[in-house]
There are 2 protein chains.
Amino acid sequence: MTSPANLKNMGLKATLPRLKVLELFEHHEKQHLTADDVYRMLINEQIDIGLATVYRVLTQFEQAGLLIRHHFDSEKAVYELNAGQHHDHLVCLQCGHVEEFYDEEIERRQNMIAEQRGFAIHDHSLHLYADCKRDACPRRSPHK
Amino acid sequence: MTSPANLKNMGLKATLPRLKVLELFEHHEKQHLTADDVYRMLINEQIDIGLATVYRVLTQFEQAGLLIRHHFDSEKAVYELNAGQHHDHLVCLQCGHVEEFYDEEIERRQNMIAEQRGFAIHDHSLHLYADCKRDACPRRSPHK
DNA sequence: AGGCGCATGAGAAGTATTTGCAAATACGGA
DNA sequence: TCCGTATTTGCAAATACTTCTCATGCGCCT
Ligand SMILES: [Mn+2]
Ligand SMILES: [Mn+2]
Ligand SMILES: [Zn+2]
Ligand SMILES: [Zn+2]
């Protein structure tokens, strides 16, 4: 999967930074990463990379359709692998945990609404902000 | 509507900057404004106001429930009057024109999805990005 | 009118992201 | 394998938006 060929036939040289960034998205459990997440993780792996390069590579990958960028109501952008299946997101306000979902009917209605009003829809974003109920989630107030 | 009393009983002194900002949202045709929009419009009206004050006032009004903040995939936040009716947005990618919509069924399904997955939903954002078909809209390519 | 305390304006500071540039590197051809 | 060259990289400086600091100003109660 993370082969130099992948990068090459999208018109990008197979450089170490690019291979490592791609590898990170393909092998890491956490699916949604910020530029800084990526930067920090690679530095921890002893990969000598610059933050500016991370930003550049993420942008290139997004333009190449390899990654998708989102803004989850935080000031920083997050990226995830583009698996080809469109989906929307549920985001935990306490711990940042993200779950994906897809609802055929919602998608249908979105298109209908845009059409009715004479808009040619290009894209959309749907984010549900909530509190998750995972054990790992730092819930509110009980203990300061 | 834009009376000093309104501000006072939300615990804020009725200062000129606050009155003018509120007045702008209540009387201006454009409903969705950035901090800079507000700043610029007031300066044009010969109102001597600082950008920092605009940011502060917008934040206060949002906390007081008078305004609602959104992020339409641009780097800047936009505010609109809180009329009490929740709605989502259609945004033109060419000209920035915004239309509001509300779909009962979509709202229902969002809640259902969150519930099914054990999330206690707090909030959501749904933005449809498209090209509008208004005459005033600068459409793509034809003339450079 | 007088005085207290919150509010304001100007600029500095803070974040996230982008850009300029010289040095480093990928990679097709010799 | 070694080279030449066009890309790419890391760093620092630049941007864009927003928040903060602080000295001064003004709303509001008496
Ligand atoms: Mn969707
Ligand atoms: Mn909605
Ligand atoms: Zn959580
Ligand atoms: Zn338009």
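Just so it is clear: chains get the letters A, B, ... in the order the sequence lines come, proteins before strands, and each one is counted from 1.
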Specify the separation, in whole Å, of atom [atom1] of [X] and atom [atom2] of [N].
X       : N      : atom1 : atom2 : value
B:Lys13 : D:dG27 : NZ    : C1'   : 5 Å
B:Lys20 : C:dT8  : NZ    : P     : 14 Å
B:Ile47 : C:dA7  : CD1   : C1'   : 17 Å
A:Leu42 : D:dT9  : CG    : P     : 12 Å
B:Ile43 : C:dA10 : CD1   : C1'   : 12 Å
A:Ile49 : D:dT8  : CD1   : P     : 14 Å
B:Met10 : D:dG27 : CE    : C1'   : 15 Å
A:Leu19 : C:dC27 : CG    : C1'   : 14 Å

Sugar-phosphate atoms are those with a prime plus P, OP1 and OP2; base atoms are the rest. Using that split, label each nucleotide of nucleotides 13-24 of chain D B, S or - for protein heavy atoms under 4.0 Å, 5' to 3'. ----SBBBB---

Between B:Thr15 and C:dC6, does any side-chain N or O lie under 4.0 Å from OP1 or OP2? no

Specify whether [X] and [Y] have parallel, tilted or perpendicular ring planes, treating 30° as the upper limit for parallel and 60° as the lower limit for perpendicular.
X       : Y        : value
B:His86 : B:Tyr102 : perpendicular
A:His70 : A:His127 : perpendicular
A:Phe72 : A:His89  : tilted

For the backbone of [Y] and the side chain of [X], can you confirm whether one donor and one acceptor N or O come within less than 3.5 Å of each other?
X        : Y        : answer
A:Asn82  : A:Gly65  : yes
B:Arg117 : A:Glu100 : yes
B:Asn44  : B:Met41  : no

